[in-house]
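Report on the structure given below.
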Number of protein chains: 2
Amino acid sequence: METRAHKVRSALRRQRVTINDVASELGMTKSTVSRALNGYPDISDTTRLRVREAARSLGYRPLANAQAIRTGRLRAIGLVLQLNEHDRHRPFLADFLAGISQAASEADWTVTVSTAASDEDTLRLLCKLADEHKADGFILPRTLWEDLRIAFLRGAKVPFVLYGRTRNSDGCAWFDISSEAATQEAVERLFALGHRRIGFVPGAERYTYARLRMEGYRAGLLKCGLAFDPDLVSEPALNRTDGAASADQLLNLATPPTALVCSVDRAALGAYEAAQNYNLQIGSDLSVISYDGIEEGELVAPKLTTFSADVRDAGRRLTALLIERINGAAPENLRQVLPATFVARGSHGPAMRTSAELATIISNAKRQVEE
Amino acid sequence: METRAHKVRSALRRQRVTINDVASELGMTKSTVSRALNGYPDISDTTRLRVREAARSLGYRPLANAQAIRTGRLRAIGLVLQLNEHDRHRPFLADFLAGISQAASEADWTVTVSTAASDEDTLRLLCKLADEHKADGFILPRTLWEDLRIAFLRGAKVPFVLYGRTRNSDGCAWFDISSEAATQEAVERLFALGHRRIGFVPGAERYTYARLRMEGYRAGLLKCGLAFDPDLVSEPALNRTDGAASADQLLNLATPPTALVCSVDRAALGAYEAAQNYNLQIGSDLSVISYDGIEEGELVAPKLTTFSADVRDAGRRLTALLIERINGAAPENLRQVLPATFVARGSHGPAMRTSAELATIISNAKRQVEE
DNA sequence: GAAGTTACCGAAACCGGTTTCGGCAAGCGG
DNA sequence: CCGCTTGCCGAAACCGGTTTCGGTAACTTC
């Protein structure tokens, strides 16, 4: 029994050099070593240097878990991903994770992720992770206008940062890309190209970004002196199928739009299908400007004009903000909003048709199909 | 100062109920509580029940970090993802993560992930995570035939499981889907449909799966009594562009194949493009059977026939295996290989053309383009 | 009824760190 | 030359758990 225990212990010793090893190597106590390594002011410079050197040469790495039980800080950021249809596809996840992981790794932090299937599941996991202190704080992607995660974390006094904004921003830090400005710019650009009836395909209202893009659309109209016409706003669409339906809805208006602004690229790709059904050429018969910057936008003809969001960069920034937040910075000072970058490709152009002409083409196409 | 410290402490008290709280509530020592909760045999059933009940009603949850410093076990599984072109796309990542996270969560484990950009980066992160004991073991996705990660973890005596197999399997546990059997079956199915010249688009040789699928291809030929013709094996292709080039290469043979077996769906989608260039109809002029089961395969016409791998299930199984491995099970007993499921869709069918006919069509198409 | 088990639990050490407290020696002012 | 800071470090408590060790009471056993 003794042999066994001894063997195990020496095996562990061999694997891991502890603060005691460093201390005994130097002939000091571990308290001195600890304070030297953590930059306490009551350690002389010479001692500090000796300790650092010894720690380095022995390959000493403090165990984050052991540190955490006294300090309460684990240097781990938490991430609960809700993998619904919205996020499964695209490099979104990969890029987002890469950004977070990279920034975390550079700051010597780690990332613990969990995946959920529903809102309740997300909340349950968040609660569990916070409760068992598996992370010092959380990044909340895809913020909702009314977001229970925020309410929970705020109540539990657990630090967090938002990717996106929300209704009640008390105590919230966030990073976001100004998709409302992008949407507004899309309208203005289309107006400058001669378009006067500009349709809008919104996102799901529960997401904050969907509201903001709608605001941007209206702000754009206002700035161009165009009246807001509720008919020009379709049903929400987040994917190709719904996007096709929404575009179809708008194209079947008595005076259809000559240009579409889509909230997400995936819906815009659906609009391509709808246009094709009526033999409308995207970029000439019908202009489309969208938002996201997904890669499939480059695979269609003509290539999709869009506002691109750098998701990887967002992950990096969010991580940096969260670490600052955990370190005690006030949330009011941790709010960043950056513009999206306009990627002009082939799906938008000067207004070549009037709404009336478009309506004729469309009704002809429909008649042709009926025959 | 005292007030501040006191306040902080009582705040922490309020947040978290410790084993001491449970013990003092019951009037016992924390050692009794600990042993009762951990199922030690020297605690009476009545005491055990009382402790469990008290812990439950007080909402006591042991801190994994605190446990870890004595037990050395964190209940965390590690994952270093190399996000190259291969994995960025597709729901692969999302599904894989979902499976791992779900299985881990159910076993009350957590997942710490890290992302890397290169082989060296992966190794560096793996080394760091293992060194600082941020995880008790690792899941290694995308195993290579010669895999430095395996060598490192084996040397460091850190538990791990492979998603895929490798050359030297000493001490390795793994889960894999038998893509070699799938590839063989693909050949046999095509043979049964009358195809006699069956081309093969391999994957990158450094991946184990690519070798296995090549073996499966040859095994299929052997079983069908077809000779192996090196000309019928194209350059490796993992994406659409390369897939198109590889298919083009095979179609330009003097006696082109009437059917293709592709190692990955993405390459098969490239083959669609190549076929379109010569006005070849997939499924009749040229049959294609592939492997992966990605969703884009359902968006093309005709839909892609493929062998589908349940990546989410793989994640779940790998997690279960890793936990067993960490709990001391021998790696030899932790090896699973399951078949892929055949998804018959529209891209394969009876051989309608001879190779000679195909060659004629192709050369005609080329001449037409030249004019 | 004495001796020997056995069941059960408390006391204390331990894990690898951090942090508080106090003491010694050098430096400084008077 | 004495008292008082000040700089620097050791001793010990602490964090939240686990695990070893030993002792008491009840229960056998003859």
Side-chain angles (χ1 to χ4, degrees), chain A residues 1-2 4-6 8-13 15-24 26-51 55 58-75 131-134, chain B residues 1-2 4-6 8-13 15-24 26-51 55 58-75 131-134:
Chain A
M1 230 14 205
E2 273 185 51
R4 171 76 189 283
H6 202 275
V8 166
R9 182 165 310 166
S10 64
L12 289 174
R13 274 280 157 68
Q15 276 190 351
R16 169 155 292 290
V17 28
T18 73
I19 195 172
N20 284 309
D21 299 332
V22 179
S24 67
L26 290 166
M28 345 193 200
T29 64
K30 61 178 182 173
S31 66
T32 306
V33 174
S34 173
R35 279 172 300 171
L37 292 176
N38 292 331
Y40 275 61
D42 64 344
I43 299 293
S44 72
D45 288 343
T46 55
T47 304
R48 192 189 325 280
L49 241 62
R50 279 185 58 209
V51 171
L58 289 176
Y60 168 65
R61 290 185 171 286
L63 271 185
N65 324 314
Q67 293 179 305
I69 97 174
R70 186 75 225 258
T71 63
R73 304 250 319 282
L74 204 48
R75 295 209 313 278
D131 213 51
E132 303 182 358
H133 199 109
K134 295 294 178 63
Chain B
M1 235 6 212
E2 270 184 50
R4 172 77 190 283
H6 203 274
V8 166
R9 183 164 310 167
S10 63
L12 288 176
R13 272 281 157 68
Q15 276 189 351
R16 170 155 292 290
V17 28
T18 73
I19 196 171
N20 285 309
D21 299 332
V22 179
S24 67
L26 289 167
M28 341 193 201
T29 62
K30 61 177 182 174
S31 66
T32 306
V33 174
S34 172
R35 279 172 301 170
L37 292 176
N38 291 329
Y40 275 59
D42 63 345
I43 300 292
S44 71
D45 288 343
T46 56
T47 303
R48 192 192 322 282
L49 240 62
R50 279 184 60 209
V51 171
L58 290 176
Y60 167 65
R61 292 187 169 284
L63 272 185
N65 325 312
Q67 296 179 304
I69 96 175
R70 187 72 226 259
T71 64
R73 304 253 317 282
L74 203 49
R75 294 209 313 277
D131 215 49
E132 302 180 359
H133 199 111
K134 295 293 178 67

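Note that the structure is a prediction, hence the values are computed from the model and not measured. Only heavy atoms go into these numbers, but all of them, side chains included; no hydrogens, no water, no symmetry mates.
Under the rule for a side chain to side chain donor-acceptor pair (under 3.5 Å), the partners of Arg61(A) that lie at least two apart in sequence or sit in another chain are Asp131(B), Glu132(B). The side chain to side chain contact (heavy atoms under 4.5 Å, CB included) check on Thr47(A) picks up Met28(A), Thr32(A), Ile43(A), Ser44(A), Val51(A), with sequence neighbours excluded. Taking the side chain to side chain donor-acceptor pair (under 3.5 Å) definition, one finds that Gln67(A) meets it with Arg75(A), sequence neighbours left out. Partners of Ser24(A) under the side chain to side chain donor-acceptor pair (under 3.5 Å) rule, at least two apart in sequence or in another chain, do not exist in this structure. In this structure Leu58(A) satisfies the side chain to side chain contact (heavy atoms under 4.5 Å, CB included) test together with Val17(A), Val22(A), Glu25(A), sequence neighbours excluded. Legend: residues meeting side chain to side chain donor-acceptor pair (under 3.5 Å) with Thr71(B), ordered by chain and number and at least two apart, are absent.
Arg73(A) has its CZ atom 15 Å from the C1' atom of dT19(C), to the nearest Å. When rounded to the nearest whole Å, the span between CG of Leu74(A) and P of dC15(D) equals 18 Å. In this structure, the CZ atom of Arg70(B) is 17 Å from the P atom of dA12(C), given to the nearest Å. Rounded to an integer number of Å, the gap from Asp45(B) CG to dA7(C) P is 12 Å. Summarising the geometry, the separation between CG on Asn20(A) and P on dG10(D) is reported as 13 Å, rounded to the nearest angstrom. Computed from coordinates, the Leu58(B) CG to dG17(D) C1' distance equals 17 Å when rounded to whole Å. Between Met28(B) atom CE and dT18(D) atom C1' the separation is 17 Å, expressed in whole Å. Look at CG on Leu26(B): it is 14 Å from C1' on dG10(C), rounded to the nearest Å.
Taking a 4.0 Å limit (strictly below) on heavy-atom distances, residues 33-41 of chain B reaches DNA chain D at Ser34(B), Arg35(B), Asn38(B), Tyr40(B). Taking a 4.0 Å limit (strictly below) on heavy-atom distances, residues 60-67 of chain A reaches DNA chain C at Tyr60(A), Arg61(A), Pro62(A), Leu63(A), Ala66(A), Gln67(A).
Residue Ser31(B) places no side-chain N or O under 4.0 Å from the OP1 or OP2 atom of dT19(D). Distances shown here put a side-chain N or O of Ser44(A) below 4.0 Å from the OP1 or OP2 atom of dC9(D). Residue Thr71(A) has no polar side-chain atom (N or O) positioned under 4.0 Å from OP1 or OP2 of dT19(C).
Closest to the side chain of Ile69(B), out of dG17(C), dT18(D), dG16(D), is dG16(D). In the set dA11(C), dA13(C), dC9(D), the nucleotide with an atom closest to the side chain of Thr47(A) is dC9(D). Side-chain atoms of Lys30(A) lie closest to dA13(D) of the nucleotides dA13(D), dT19(D), dC9(D).
Pairs passing the salt bridge (Lys or Arg N to Asp or Glu O under 4.0 Å) check and including a residue from residues 26-36 of chain A, sequence neighbours excluded, read Arg35(A)-Asp42(A).
Inter-axis angle, ends of the helix from dG1(C)-dC30(D) to dG30(C)-dC1(D), five pairs per end, rounded to 10 degrees: 50°.
Between Thr32(B) and Thr32(A), the residue whose closest nucleotide on DNA chain C is further toward the 5' end is Thr32(B).
Closest heavy-atom contact between Tyr60(B) and Leu37(B): CE2-CD1, 3.6 Å. Residues Ile69(A) and Ala66(B) approach most closely at CG2-CA, 3.9 Å, considering heavy atoms.
Taking CG of Leu49(B) as the start and OG1 of Thr46(B) as the end, the distance is 8.0 Å to the nearest 0.5 Å. The distance from the CG atom of Asn65(A) to the CG atom of Leu63(A) is 5.5 Å, given to the nearest 0.5 Å.
Asp42(A) contributes a side-chain N or O that forms a donor-acceptor pair with the base of dC9(D) under 3.5 Å.
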